[in-house]
Amino acid sequence: EKEPIRVLVTGAAGQIGYAIVPMIARGVMLGPDQPVILHMLDIEPAAEALNGVKMELIDAAFPLLKGVVATTDVVEACKEVNVAVMVGGFPRKEGMERKDVMTKNVSIYKKQASALEQHAAPDCKVLVVANPANTNALILKEFAPSIPEKNITCLTRLDHNRALGQISERLNVHVSDVKNVIIWGNHSSTQYPDVNHAKVTTSSGEKPVRELVADDQWLNTEFITTVQQRGAAIIKARKLSSALSAASSACDHIRNWVLGTPKGTWVSMGVYSDGSYGIERGLIYSFPVTCEKGEWSIVQGLKIDEFSRAKMDATAKELIEEKALAYSCLG
Ligand code: NAI
């Protein structure tokens, strides 16, 4: 039997936490033959609820789950973890300024960065889910300088999966027959969902999405805004933000990162920009990536038209501003 992998989930008593821990314990994240030990962190006010989640994990009798650590101590939570899914954060409350929320999250991510750097396994893979996801990941990277930058990512796979879902609904094909959409940039409403390279598997081979949809107007307007605004639409309908889809997409992100992407398929991940596609270095920006042997690499050489260029730059600009705001909150 394989050695268990230690997976940290922060904010584990929250909505996404509640959805993701059973997925991890069932092998959705790391594979059906990979034992796991779950580390769950939350804050003191949620300690009792966190313990309740631990009780349920015991009650569910998962064959792959070899241990559960439930704690409010960030050092204990980070001990020897191989994968860290950072879901905990400070939500924006009514009447709060962007800067106030940023200040709270910067201080949380600074502290958790140090704990991960000192106590996690040296090759720990980090996925930041909590918003502002890209900028929280950037802060984490800044304050964990010994963790390689390639090991720090943020979640835009939910947006990617939402884009696949919209195309599949429009064309009335199964979502697994659609591939290679791209989410560029920030996990926010400025993100750019791009279908220019996306393909659909049909009975007569692979066809470009643009050819099959044949309605450029829809692709260039409604499709983009639907994906950008999907999070808000879920909140409106559920009175709560996306949780099961966020949890499932976070599992997809880690699974592809660790176990690889299928040949000819890429996925979107928020990763440290190396300047690819003219995106300023030093931002955590969502790019199309392929993964092999536990490492992602940005898909190179895609043709970018003027329409895309403007949208890719607009979302980069927002990230540059967020970065400046985050640094100003460091005080
Ligand atoms: P939630 O409010 O239900 O849960 C958050 C949990 O984090 C709470 O249990 C809270 O006590 C905990 N927490 C707060 N500060 C913490 C700290 N310093 N250390 C550890 N835990 C802490 O929120 P939900 O719905 O689970 O969402 C979590 C985050 O994920 C939010 O920031 C949300 O905006 C973000 N999100 C990101 C998505 C993405 O695609 N990147 C999609 C959906 C949500």
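Remember, it's 1-based here, ligands and their atoms both numbered in the order they're listed. The figures that follow rest on heavy atoms only: side chains count, while hydrogens, waters and symmetry mates do not.
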Taking everything shown except E206 itself, do over 12 heavy atoms lie less than 6.0 Å from its CD? yes
Any N or O on T10 sitting closer than 3.5 Å to an N or O of ligand 1? no
The atoms of ligand 1 lying under 4.0 Å from a heavy atom of S241, numbered in the order shown, are 25 (O)
Same apolar cluster (I L V M F W Y, side chains within < 4.5 Å links), V87/I37: no
Contact partition for L158 relative to ligand 1, non-hydrogen atoms under 4.0 Å: side chain
Y277 side chain to L302 main-chain N or O, any donor-acceptor pair under 3.5 Å? yes
Might you work through the salt bridge (Lys or Arg N to Asp or Glu O under 4.0 Å) test for R309 and D313, ending with a clear yes or no? CA-CA 6 Å; R309 188 72 255 168; D313 289 343; 2.9 Å; yes
4.0 Å protein heavy-atom contact status of atom 32 (O) of ligand 1, strictly under: yes
Looking only at protein heavy atoms, what sits closest to atom 16 (C) of ligand 1 is I43 CG2, 3.5 Å
Would you tell me whether S249 and N161 have side-chain atoms, one donor and one acceptor, within less than 3.5 Å of each other? yes
If you count the atoms of ligand 1 from 1 in the order shown, which ones are under 4.0 Å from a heavy atom of Q112? 17 (C), 18 (N), 19 (N), 20 (C)
I need the nearest protein heavy-atom contact for atom 14 (C) of ligand 1: residue, atom name and distance, please. G89 O, 3.2 Å
Is atom 2 (O) of ligand 1 near the protein, in the sense that some protein heavy atom lies at less than 4.0 Å from it? no
Is there a polar contact, in the sense of an N or O pair closer than 3.5 Å, between F90 and ligand 1? no
Which ligand 1 atoms are under 4.0 Å away from a heavy-atom of A13? 9 (O)
To the nearest 0.1 Å, how far is atom 26 (O) of ligand 1 from its closest protein heavy atom, and which atom is that? I16 N, 2.9 Å
Scan side-chain atoms only and decide if N186 and S286 contain a donor-acceptor pair under the 3.5 Å cut-off. no
T10 vs D42 side-chain heavy atoms within contact, under 4.5 Å: no
Donor on one side chain, acceptor on other, Q191 and T315, under 3.5 Å: no
Between N151 and D123, is any side-chain donor less than 3.5 angstrom from a side-chain acceptor? no
S242: heavy atom below 4.0 Å from ligand 1, yes or no? yes
Looking only at protein heavy atoms, which one is nearest to atom 39 (C) of ligand 1, and what is the separation? H187 NE2, 3.1 Å
Looking at A19, G88, A246, the heavy atom closest to atom 22 (C) of ligand 1 belongs to G88
With under 30° as parallel and over 60° as perpendicular, where do the rings of F307 and Y192 fit, or are they tilted in between? perpendicular
Donor-acceptor pair between Y109 and E142 side chains, under 3.5 angstrom: no
Considering non-hydrogen atoms of the protein only, which is the closest contact for atom 4 (O) of ligand 1, and what is the distance? G14 CA, 3.3 Å
Is there a heavy atom in R157 that sits closer than 4.0 Å to ligand 1? no
Proximity winner for atom 37 (C) of ligand 1, if only heavy atoms of I20, N134, V129 are counted: V129
Relative to the heavy atoms of A130, which atoms of ligand 1 are at a distance of less than 4.0 Å? 29 (C), 30 (O), 32 (O), 35 (C)
Nearest non-hydrogen protein atom to atom 7 (O) of ligand 1, with distance, is G11 CA, 3.2 Å
Determine whether the side chains of S188 and E318 contain a donor N or O and an acceptor N or O closer than 3.5 Å. yes
For I108, counting its heavy atoms only, list the atoms of ligand 1 lying under 4.0 Å from any of them. 18 (N)
List the closest protein heavy-atom neighbour of atom 28 (C) of ligand 1: residue, atom name, distance to the nearest 0.1 Å. V87 O, 3.3 Å
D159 N/O to ligand 1 N/O under 3.5 Å: no
Looking only at heavy atoms, is any part of N131 under 4.0 Å from ligand 1, and if so is it the side chain, the backbone, or both, or is it neither? both
What protein heavy atom sits nearest atom 25 (O) of ligand 1, and how far off is it? Q15 NE2, 3.0 Å
Does one side chain, of E56 or Y18, offer a donor that lies under 3.5 Å from an acceptor on the other? yes
Have K150 and T153 got a donor and an acceptor in their side chains that come within less than 3.5 Å? no
